[in-house]
Amino acid sequence: MRPARFLALLIGIVSVSALDAAPPDPSAALVKAKVEAEYPSLFGIYTHLHAHPELSFMEVKTAALVAGELRALGFTVTEKVGNTGVVGVLTNGTGPTVLVRADMDGLPIKENSGVAYASTDIVKDLSGKEQPAMHGCAHDTHVTGLIGTARTLASMKDRWSGTLVLVAQPAEEIVAGARAMFADGLYTRFPKPDLAVALHTTSLLAAGNIGYGEGPRYASVSSMDILVRGFGGHGSAPHTTKDPVVLASQIVLALQTIVSREIKPGVPAVVTVGSIHGGLKRNIISDEVKLELTLRAFDEKVMAHLVASIRRICDGLARSAGLPDDRMPVVTLTPESIDVTRNDPVLSRRLAARFGEWFGDEKARPVDPVMGGEDFSEFSRQGVPICIWWVGATDPARIAESERTGVPVPSNHSATFAPVPEPTIKACVTSMTAAVLELMGGRVSR
Ligand SMILES: [Zn+2]
Ligand SMILES: [Zn+2]
């Protein structure tokens, strides 16, 4: 190729790529610097929260910490919303009202992560029972992220305008905290948001990475109890009894046919019997067996199908065992149930574009939804568009090893789950700040 032609081609390539690339967002560099400066203090908050988890609706000290931080930054703070929830409002001129939610509760797990700041606390649960506790779902990173976001945004009020509502929510793990805050007037006592956002830290992505998507992100969850009843008696005389252990076993196996035989292939649904308890002694046929189930789906009709099929199978098998009407299994849906968490497509695309710009497409990318449940779905009440995204927490080398060996990394809710703090916390603060700046006019003052 002649030198002149080569030069022309090179200029062509350079000019095309210059046109393709969006101008860098100056807010990104500013936020990066602020997050760097805040990190030592945020790490201190994180390790304190991690070492001292509080269980659902018992997040008194965590809530006080959030309230104090927000008050010091100029937010109008209301405590004890929905039991232990905190709402901080910062009005900064005219513009949209954007709500940011972080959940606060830990889990009744004895931590075995090996980190220096692991929890050894024994705490009371809501019923007063003493339990080991652990931030096994990384809600401590969410609280730390909320505080970091508040600090960052409070220091750059020239780059956004509107009303910012920060919510520290209790009791997500028992999917009761959001409902409690709404019962206490979250959208009536405080500015109703035009948009609501949240993040969740996950073991499934490399630390510092962002996973996003639109539509269903978390499944609907129904929790079900089944009391299988029979007629007890001596273990040596089964012919004088109706054995509920045998009937419960048949029910557990028959339930496995609902998803495999009744739900259209490819439609996500889960029926899990997580607990089965019956009997006291080997030579006694018991009177009853208790089953606890969790059901998951991305569609209300599919969930209704699961529930109806379980009732039908319980009833049919009990009748085939010869039980009378007054000893039919008792099937109960518990309040520990929640709707699908559905990301608004327009809102999700806006945030995905901003994340791509700030984190790069290598680190911020679309990911599949999960069958877990999230009570952030409650925030979509009254037509409020919502979006939740994931922040990775696991050492990238461990993710790569897991992909190579097929051995899963410790998941959220595992006693050995330990987020890598620095990239995780920085990504929590940076992604949440990026989202708020996207929604509250961060580009206006460019
Ligand atoms: Zn959880
Ligand atoms: Zn969680």
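Note that the coordinates shown come from a computational prediction; the quantities given were computed from them, not determined experimentally. Order of listing sets the numbers, starting from 1, for every ligand and every atom in it.
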Strictly under 2.8 Å, is any N, O or S atom of C137 next to the Zn ion (ligand 2)?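 So C137 does bind the Zn ion (ligand 2) by this criterion.
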Rounded to 10 degrees, what angle sits at the Zn ion (ligand 1) between E173 OE2 and H413 NE2?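 My answer is 100°, to the nearest 10°.
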Taking the Zn ion (ligand 2) as the reference point, name the nearest N/O/S atom of H200.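 Result: NE2.
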Parallel, tilted or perpendicular for F43 and Y46, by the 30°/60° rule?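 Tilted, since the angle between the ring planes falls between 30° and 60°.
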Which residues pass the ring pair (Phe, Tyr, Trp, His ring centres under 6.0 Å) test with F379, sequence neighbours left out?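 Applying ring pair (Phe, Tyr, Trp, His ring centres under 6.0 Å) to F379 gives F182, F376.
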Taking it one step at a time, do E374 and R217 satisfy salt bridge (charged side-chain N to carboxylate O under 4.0 Å, His left out)? CA-CA 9 Å; E374 239 298 344; R217 296 276 87 199; over 6 Å; no
Going by side chain to side chain donor-acceptor pair (under 3.5 Å), name the pairs with one or both residues in residues 47-62, residues two or more places apart or in two chains.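 Matches after skipping sequence neighbours: H50-E111, H50-D140, H52-D121, E54-T62, S56-D105, E59-T84.
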